[in-house]
Amino acid sequence: MAELATVARPYAEALFRVAQQGDMAAWSAIVAELALIGANPDVQAFAANPHVKHAQLADAIASMVKSPLNAEAKNFIAMLAENGRVALLPEIGAQFAVLKNAQEGAADATIYSAFELSADQLNPLVATLEKKFGRKLNPTVVLDPSLIGGVRVVVGDEVLDTSVRAKLQQMHNALVA
């Protein structure tokens, strides 16, 4: 895994520098879409096929992107196809997001919840979490019924677990100690 990250880093940094000079929001959308496309097993199999020409692969990937592609984005896709680096797209997307968040003083937050959260519930929760973590958060909610109740929040390498499951585990550990 570290090897993929090492190889993907220069691509992500180059894309980020280009995005800084242009429209960061548009580039973020393109990179996010490319990451999803690159993670698709069918795309990876197509990219690994030795009978597929680089131009065909680049055209196929470009045709899957819903966001408008500028010349730089098309060149980036073509370059990845020529160098056999399409498998790096998910890692490039992840590293691009980290660079963007660092520039904005933000972080991605994964909120695991036992139940669906409405906007009325999520907005105050995110506001509270932003105060706790001291930065703007980009939340993603994931349903995890095994939590029983409450939430578990992961921001980078920090975890805040206020779930019922965690509280029951703490009680269990206290009783058996």
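Numbers here simply count residues along the sequence, with the first being 1.
- Looking only at atom types and distance, the side chain of S118 has no donor-acceptor partner in the side chain of D120 under 3.5 Å away.
- Annotation: side chain of D144 is not in contact with side chain of R152 (no heavy-atom distance under 4.5 Å).
- Cluster annotation: I77 and V7 are assigned to the same hydrophobic cluster (Ile/Leu/Val/Met/Phe/Trp/Tyr, side-chain heavy-atom contacts under 4.5 Å, transitive).
- No donor-acceptor pair closer than 3.5 Å links the side chain of E82 to the backbone N or O of H54.
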Can you give the donor-acceptor pairs under 3.5 Å from side chains of residues 27-34 to other protein atoms, not counting sequence neighbours?
unit_1, atom_1, unit_2, atom_2, d
S28, OG, M24, O, 2.9
E33, OE1, K66, N, 2.5
E33, OE2, S67, N, 3.0
E33, OE2, S67, OG, 2.3

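- Of the possible donor and acceptor atoms, none in the side chain of Q103 sits under 3.5 Å from a partner among the backbone N and O of K100.
- Annotation for P124 and A119: closest pair CD-O, 4.3 Å, computed over non-hydrogen atoms.
- Note that CZ of R85 and CG of L4 are 9.5 Å apart. Values are rounded to the nearest 0.5 Å.
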Show your working on side chain to side chain contact (heavy atoms under 4.5 Å, CB included) between I111 and V154 and close with a plain yes or no.
-> CA-CA 7 Å; I111 301 171; V154 179; over 6 Å; no
Does the side chain to side chain contact (heavy atoms under 4.5 Å, CB included) test come out yes or no for L147 and V164, once each step is laid out?
-> CA-CA 6 Å; L147 295 178; V164 173; over 6 Å; no
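- A side-chain donor-acceptor contact under 3.5 Å links T162 to the backbone of V151.
- The existence of a salt bridge linking R135 and E158 is confirmed by a sub-4.0 Å separation between a basic side-chain nitrogen and an acidic carboxylate oxygen.
- R165 and S146 share a side-chain donor-acceptor pair at under 3.5 Å.
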Show your reasoning for whether side chain to side chain contact (heavy atoms under 4.5 Å, CB included) applies to L36 and L89.
-> CA-CA 8 Å; L36 289 174; L89 281 171; over 6 Å; no
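- The minimum heavy-atom distance linking P90 with A35 is given by the pair CG-O, 3.7 Å.
- Each of N123, V126, V141 was checked for a side-chain contact (heavy atoms from CB on, under 4.5 Å) with L117, and the lone residue meeting it is V141.
- Within the 4.5 Å cutoff, the side chain of V86 has no heavy atoms near those of the Q44 side chain.
- Looking only at distances, a side-chain donor or acceptor of S163 sits under 3.5 Å from a matching main-chain atom of A166.
- The closest side-chain heavy-atom distance from F96 to Y11 is not below 4.5 Å.
- Nearest heavy atom pair, residue F133 against residue L160, reads CZ-CB, 4.3 Å.
- A continuous path of Ile, Leu, Val, Met, Phe, Trp and Tyr side chains, each step under 4.5 Å between heavy atoms, connects M64 with I92, placing both in one hydrophobic cluster.
- Taken from NZ in K131 to OG1 in T128, the straight-line distance is 6.0 Å, to the nearest 0.5 Å.
- Side-chain contact check for N173 and Q169: at least one donor-acceptor pair (N or O, by modelled atom type) lies under 3.5 Å.
- Tracing side-chain contacts under 4.5 Å through hydrophobic residues (I, L, V, M, F, W, Y), one reaches L99 starting from L80; they form part of the same cluster.
- Of all heavy-atom pairs between F46 and A60, the closest is CE2-CB, 3.9 Å.
- Contact check for Q95 versus E13: no side-chain heavy atoms found under the 4.5 Å cut-off.
- From F76, atom CZ reaches atom CG of L69 across 11.5 Å, with rounding to the nearest 0.5 Å.
- Linking ILVMFWY side-chain heavy atoms closer than 4.5 Å, directly or via other members, places V18 and V65 in a single hydrophobic cluster.
- A distance-only check finds a donor-acceptor pair linking the side chain of D23 to the backbone of A25 [under 3.5 Å].
- Two different hydrophobic clusters hold V153 and L143 under the rule that ILVMFWY side chains link at heavy-atom gaps under 4.5 Å.
- A donor-acceptor pair under 3.5 Å is formed between the side chain of E130 and the backbone N or O of L137.
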Does the pair T6 and E3 meet the rule for a side chain to side chain contact (heavy atoms under 4.5 Å, CB included), with working shown?
-> CA-CA 5 Å; T6 302; E3 190 173 301; 5.7 Å; no
